[in-house]
2 protein chains.
Amino acid sequence: MFNKETEYALRGLVYVQFQQMLGHKPGIVEVAREIEAPLFYTGKILQRLVKMGFLMSTKGKGGGFYFDTTKPDLPLKTVVQAIEGDKTYAGCGFGLKECGDENPCPLHEQFAPIRAAINKLIGQNTVQSLAHDFRKGGTILGL
Amino acid sequence: MFNKETEYALRGLVYVQFQQMLGHKPGIVEVAREIEAPLFYTGKILQRLVKMGFLMSTKGKGGGFYFDTTKPDLPLKTVVQAIEGDKTYAGCGFGLKECGDENPCPLHEQFAPIRAAINKLIGQNTVQSLAHDFRKGGTILGL
DNA sequence: TTATTAAAACACCAAAAGGTCTTTTAATAT
DNA sequence: ATATTAAAAGACCTTTTGGTGTTTTAATAA
């Protein structure tokens with residue numbers, strides 16, 4: 001579905017938010033271990049998320065990653081869009097730029113409801129809502 | 001949705017089948033032009049499809065690509081699977097190997113119906129059915 | 001004020017995806 | 001037979017993705 005960077009980013013963000021709910025500010029080593037993603041790559045991705053403004057961080061002792069609680073909840077779609085663009089949830093199955101309701105590819109009509117469902121899913125679910133679900137147990141973030 | 005190779009392959013296959021319905025056996029140059037894909041890359045992809053047994057070809061004068069009409073219709077899923085595996089229509093949104101009904105990621109339940117719909121779509125539609133639709137007009141294969 | 005800690009910055013590397021081009025082989029029409 | 005045509009084979013090349021590692025900077029606790 002999504003590329004590796006997006007997958008690690010989503011899992012990492014949900015994990016950080018989950019820890020924040022517990023009053024903890026995790027660092028790169030902890031996040032990478034818990035979401036079972038490559039250590040250095042996870043660090044790079046978290047830092048990119050900070051630069052993109054999705055996440056905050058502090059250096060030094062007691063440092064780590066956390067969310068600005070004054071900001072609104074973060075929809076998955078916003079993160080996906082920022083990392084890999086809209087190719088996953090928009091765009092034609094045949095790769096045609098002109099494909100649309102007026103000028104459809106042979107799959108367009110059948111694909112439209114699926115695309116709409118994906119859009120809805122990643123537009124409505126947020127890092128916060130998923131962290132909340134995760135906290136209640138029954139879901140996993142690693143392996 | 002799909003990667004470039006898959007997109008060009010699907011468009012190319014549908015175009016070849018469409019031409020076959022008209023009693024014509026197109027070559028690389030014609031296919032690449034009509035589906036508006038890179039010439040040499042299209043050639044490479046069509047040749048791969050021949051090696052994979054999805055398509056037939058003859059060299060020399062009057063040569064080109066065509067389908068073995070004694071074979072059953074070719075579902076898109078078979079082509080997609082052969083080129084890029086099942087990552088697009090199977091697998092977890094969070095990239096977790098263990099994710100499933102027993103051990104779900106936070107998105108699993110919501111994603112399940114979408115994956116099922118994609119599976120159905122590419123499992124039911126075939127190169128032949130799309131070529132038939134294309135022949136009736138109203139759909140495009142290029143741009 | 002100086003160790004210590006942890007993120008930021010940056011350099012680098014490997015594999016895969018996407019794409020181009022030339023040479024070889026096979027079919028066919030003359 | 002041979003010229004012509006068109007696919008097959010294969011050698012490269014570029015960009016993107018995925019990943020690793022070291023050095024620098026900033027925060028804090030002692």
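We use all heavy atoms of the structure for the numbers below, so side chains are in, but hydrogens, waters and symmetry mates are not. Quick note on labels: first sequence line is chain A, next is B, and so on, each numbered from 1. This structure is a prediction, so every number in the text was calculated from the model and none was measured.
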Pairs in or reaching into residues 78-97 of chain B: which pass ring pair (Phe, Tyr, Trp, His ring centres under 6.0 Å), with residues at least two apart or in two chains? none
Under the rule for side chain to side chain contact (heavy atoms under 4.5 Å, CB included), what residues qualify as partners of A/Lys120, not counting sequence neighbours? A/Gln124
Could you tell me whether the side chain of A/Gln47 has a donor or acceptor atom within less than 3.5 Å of a complementary atom in the base of C/dA8? yes
Rounded to whole Å, the CE-C1' distance (A/Met56 to C/dA6) equals 17 Å
Any N/O pairs under 3.5 Å between the protein and nucleotides 16-18 of chain D? List them or say none.
from: D/dG18; atom 1: OP1; to: A/Lys4; atom 2: N; distance (Å): 3.1

Starting from P on C/dA8, measure out to CE on A/Met52 and report it in whole angstrom. 12 Å
If a pair satisfies salt bridge (charged side-chain N to carboxylate O under 4.0 Å, His left out) and one of its residues is in residues 39-52 of chain A, list it, with sequence neighbours excluded. A/Glu5-A/Arg48
Which hydrophobic side chains are connected to B/Phe40, either touching it within the sub-4.5 Å cutoff or through other members that do? none
Spacing between B/Ile45 atom CD1 and D/dG10 atom P, to the nearest angstrom: 18 Å
Not counting sequence neighbours, which residues clear side chain to side chain donor-acceptor pair (under 3.5 Å) with A/Gln110? List them please. B/Asn125
If you assign each of B/Leu39 and A/Ser57 to its closest nucleotide in DNA chain C, which residue comes earlier from the 5' end? A/Ser57
Pair listing, ring pair (Phe, Tyr, Trp, His ring centres under 6.0 Å) test, anchored in residues 107-143 of chain A, at least two apart: A/Phe18-A/Phe134
Touch check for B/Gly64, heavy atoms < 4.0 angstrom, all strands: base, sugar-phosphate only, or nothing? sugar-phosphate
Please output the side-chain donor-acceptor pairs of residues 53-63 of chain B that fall under 3.5 Å, not counting sequence neighbours, one pair per line with the distance.
none

Does some side-chain heavy atom of B/Val79 sit less than 4.5 Å from a side-chain heavy atom of B/Met52? no
By side chain to side chain contact (heavy atoms under 4.5 Å, CB included) - contacts of B/Gln20 (at least two apart): B/Tyr66, B/Phe67, B/Thr69
Does any part of the side chain of A/Val31, heavy atoms only, come nearer than 4.5 Å to the side chain of A/Val16, both counted from C-beta? yes
For A/Glu84 and C/dA17, give me the distance from atom CD to atom P, rounded to whole Å. 15 Å
Using heavy atoms and a sub-4.0 Å distance, could you list which residues of residues 12-32 of chain B are near DNA chain C? By number, please. none
Tell me the salt bridge (charged side-chain N to carboxylate O under 4.0 Å, His left out) pairs involving residues 91-115 of chain A, sequence neighbours left out? none
Sequence-aligned protein contact record of nucleotides 22-30 of chain C, with B where the base is within under 4.0 Å of a protein heavy atom and S where only the sugar-phosphate is: B--BBBSS-
